[in-house]
Amino acid sequence: MKGRTKIFNLNTKDAGNKIVVMGWVRTFRKSKNVSFVSLNDGSTINSLQVVLDMNKFDEKIIDNINTGSSLRVEGELVKSSGKNQKYELLGDNIVILGKSNPDTYPIQPKKHSFEFLREVAHLRPRTNTFSSIFRIRHACTFAIHKFFNDRGFVNIHTPIITSSDAEGAGEMFKVTSLDLDNISGKMVDYSKDFFSKPVSLTVSGQLNAELGALALSDVYTFGPTFRAENSNTSKHLAEFWMIEPEMAFYDIDDNMDLAEEMLKYIIKYVLDNCNSDLIFLENLELDSERNLPQIKRNENPLIYRLKQVVNNKFIRVRYDEAFKILSNSKQNKKGKFKFKIDEWGIDFQSEHERYLVEKHFKNPVIVCDYPKKIKAFYMRSNDDGRTVAAMDVLFPAVGEIIGGSQREERLDMLERRMQEMNVSKKELSWYLDTRRFGTVKHSGFGLGLERLVQFITGMKNIRDVIPFPRTPGSCNY
RNA sequence: GCCUUCUUAGCUCAGUUGGUUAGAGCAGUAGACUGUUAAUCUAUUGGUCCUAGGUUCGAGUCCUAGAGAAGGCGCCA
């Protein structure tokens, strides 16, 4: 690979240099004497224009330059006389690395629907939109690791296969090595299975992360998460990536501070490092909204929305206040909510969350101190006896992006809650040990990576921010 | 899981109250063109109208079932 230059490294300063680039043809504009190839290697959204003197090249080479084919081009980088680029490559020597039959190659130099591109998910990274999204997704991933590393957090690899079915975060996928094609009507004998007991794919690394926090102080997990829920929405995947920090000695306020700081850090990192991708996605969104009625459009363009999040303090409200705001809202009094806000203790529906974020505050909102009966067993009971120290970070468009809490560190309280909610103390005795031996107050939260990438890229469907989406009835590639 | 909508050329879509031989743009192919920017211009190929039944003299259009997709809701990240 010696001598090859990636396109994102090119610069007008390199004009006059002999270089070698490799990439895939986006478009080929052919005419008798001079032709133009847009070559993209995925290192940047910007394709490099290769200029070909048609008299210099064999017909065999020219005929195989098609949309999708891969080339090695050697030539001199020069200042461009065209308007849309500052520099271009005068092609001297071209090698066709891989042919592409234009008759059957599905990606055309034109606008495709996201639905169609989902059906060719193996090739969609070759489009501007998806290469931008995946570069931004990578930037988010990198920023997350950097954020935590800079603050002395330890990355814990929590297990993907778990024997605990008590996490309570949703339906689980079973993992087995039993011959499923050959199971009789009898009860399954799990003692014959690989782990000698029923096991599943993880729905959350939190309980394991807590074990790490109660030894290493600050830890985080960042791994795949699996939910077998039959959710058919633009915000749910059966396989997604979740970031779960867990911090010893943090109370719920420290927890909220960290969540806000982290989200701002990641978004700022993307703003600072993925500018051309964001500009592309912003224009794509403006373009797609051109024909929509005003109410269906975003109030502000993408980059403005991102800067707004970075530059404004998140609004923090307790459930009680949020409940009052919602129940006194015109929307509620006029019966415009599908689910009326009437009795204290109900869980908010997404229409209520959107009202708070998009109509009332027009800002990201953190709601905390939820009624205990709608939250999980491990959340710390507040002194009022009816709420727990839980918090949800609500974002415009994507809704709940983070869910977290201060954990119940008092053994007797935790055991009482487990009893009430029918969680097996025996199965989670390892978890309870942290409360038996040197318990401390601690907190944590879960961030859905795809929902964050959705917000940052403005993509409407979560299936378009993960390379290979898994959803009910769909597991391809 | 529930509700609604959609499925017509490789892609994006049009197709009138059910009426003859199903259309357009783009892509592809052939050609033209000295600098293009999803190049342009000329010509042209391309159809199991999602599948299976049914109603009708006649179905892309109506009815039933199924498959797939999208949007909304619930569950959540």
Side-chain angles (χ1 to χ4, degrees), chain A residues 26-38 46-55 63 66-68 78 80-85 88 90 100-120 127-128 167-171 203-206 222 224-244 259 287 296 337-339 347-351 353-354 374-376 392-395 398-404 445-455 460-466 471-474 476:
Chain A
R26 285 293 172 76
T27 61
F28 185 31
R29 296 178 288 277
K30 199 159 58 164
S31 66
K32 199 175 180 181
N33 294 314
V34 63
S35 296
F36 304 91
V37 179
S38 286
N46 300 116
S47 294
L48 177 66
Q49 170 153 289
V50 179
V51 185
L52 303 183
D53 178 346
M54 294 300 268
N55 304 313
D63 283 352
N66 299 108
T67 304
V78 296
S80 174
S81 49
K83 315 168 203 159
N84 291 7
Q85 60 281 317
E88 62 194 10
L90 294 180
S100 170
N101 183 347
D103 235 355
T104 48
Y105 184 60
I107 312 288
Q108 293 165 20
K110 61 164 276 184
K111 194 165 268 175
H112 289 288
S113 67
F114 293 135
E115 289 85 349
F116 170 72
L117 290 168
R118 242 169 260 155
E119 287 166 21
V120 287
T127 63
N128 284 336
E167 289 161 23
E171 291 294 312
V203 292
S204 161
Q206 180 202 316
F222 187 165
T225 308
F226 307 88
R227 305 267 167 98
E229 228 99 76
N230 192 7
S231 300
N232 293 290
T233 80
S234 55
K235 296 180 180 62
H236 290 85
L237 292 165
E239 177 184 295
F240 63 100
W241 289 69
M242 189 153 64
I243 297 96
E244 294 172 287
D287 225 46
K296 291 207 166 169
F337 284 136
K338 200 172 158 199
F339 295 88
D347 204 357
F348 297 147
Q349 309 294 331
S350 42
E351 58 175 345
E353 296 177 350
R354 295 192 69 152
I374 58 171
K375 290 290 180 186
D392 285 354
V393 180
L394 310 179
F395 259 39
V398 291
E400 187 182 339
I401 201 165
I402 280 180
F445 59 82
L447 164 71
L449 176 69
E450 285 77 12
R451 289 192 182 169
L452 178 65
V453 178
Q454 244 189 303
F455 176 76
K460 307 278 180 292
N461 196 314
I462 198 164
R463 290 159 211 172
D464 296 328
V465 297
I466 187 165
T471 53
S474 165
N476 303 312

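Chain identifiers are assigned alphabetically (A, B, ...) following the order of the sequence lines, protein sequences preceding nucleic acid strands; residue numbering begins at 1 within each chain.
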For this session: Determine the contact category for A/E450: base if any of its heavy atoms lies under 4.0 Å from a base atom, sugar-phosphate if only primed atoms, P, OP1 or OP2 are that close, otherwise nothing.
Result: nothing
Exercise. Which residues pass the side chain to side chain donor-acceptor pair (under 3.5 Å) test with A/D464, sequence neighbours left out?
Worked result: A/R118, A/R124
Exercise. What does A/N461 touch in the nucleic acid at a heavy-atom separation under 4.0 angstrom: a base, only the sugar-phosphate, or nothing?
Worked result: sugar-phosphate
Problem set entry | Pairing residues for A/E450 by the side chain to side chain donor-acceptor pair (under 3.5 Å) criterion, not counting sequence neighbours | A/R137
Exercise. Given pairs defined as Watson-Crick or G-U wobble with both distances under 3.5 Å, what dot-bracket annotation applies to RNA chain B, with ( ) intrastrand, [ ] crossing, | other strand and . unpaired?
Worked result: (((((((..((((.....[...)))).(((((.......))))).....(((((..]....))))))))))))....
For this session: Please name all residues satisfying side-chain contact (heavy atoms from CB on, under 4.5 Å) with A/S31, sequence neighbours left out, ordered by chain then number.
Result: A/V34
Exercise. Residues two or more places apart in sequence or in another chain: which of them pass side chain to side chain donor-acceptor pair (under 3.5 Å) with A/N128?
Worked result: A/R26
Exercise. How many Å lie between CG on A/D103 and P on B/A9, as a whole number?
Worked result: 16 Å
Exercise. Between A/W241 and A/S31, which is nearer to the 5' end of RNA chain B once each is assigned its nearest nucleotide?
Worked result: A/S31
Seminar exercise, completed: On RNA chain B, more 5' by nearest nucleotide between A/P472 and A/N66 is A/N66
For this session: Could you check whether A/F116 gets within reach of a base, just the sugar-phosphate, or nothing at all, counting any heavy atom under 4.0 Å?
Result: sugar-phosphate
For this session: Quick one: list whatever passes ring-ring contact (aromatic ring centres under 6.0 Å, His included) with A/F36, sequence neighbours left out.
Result: none
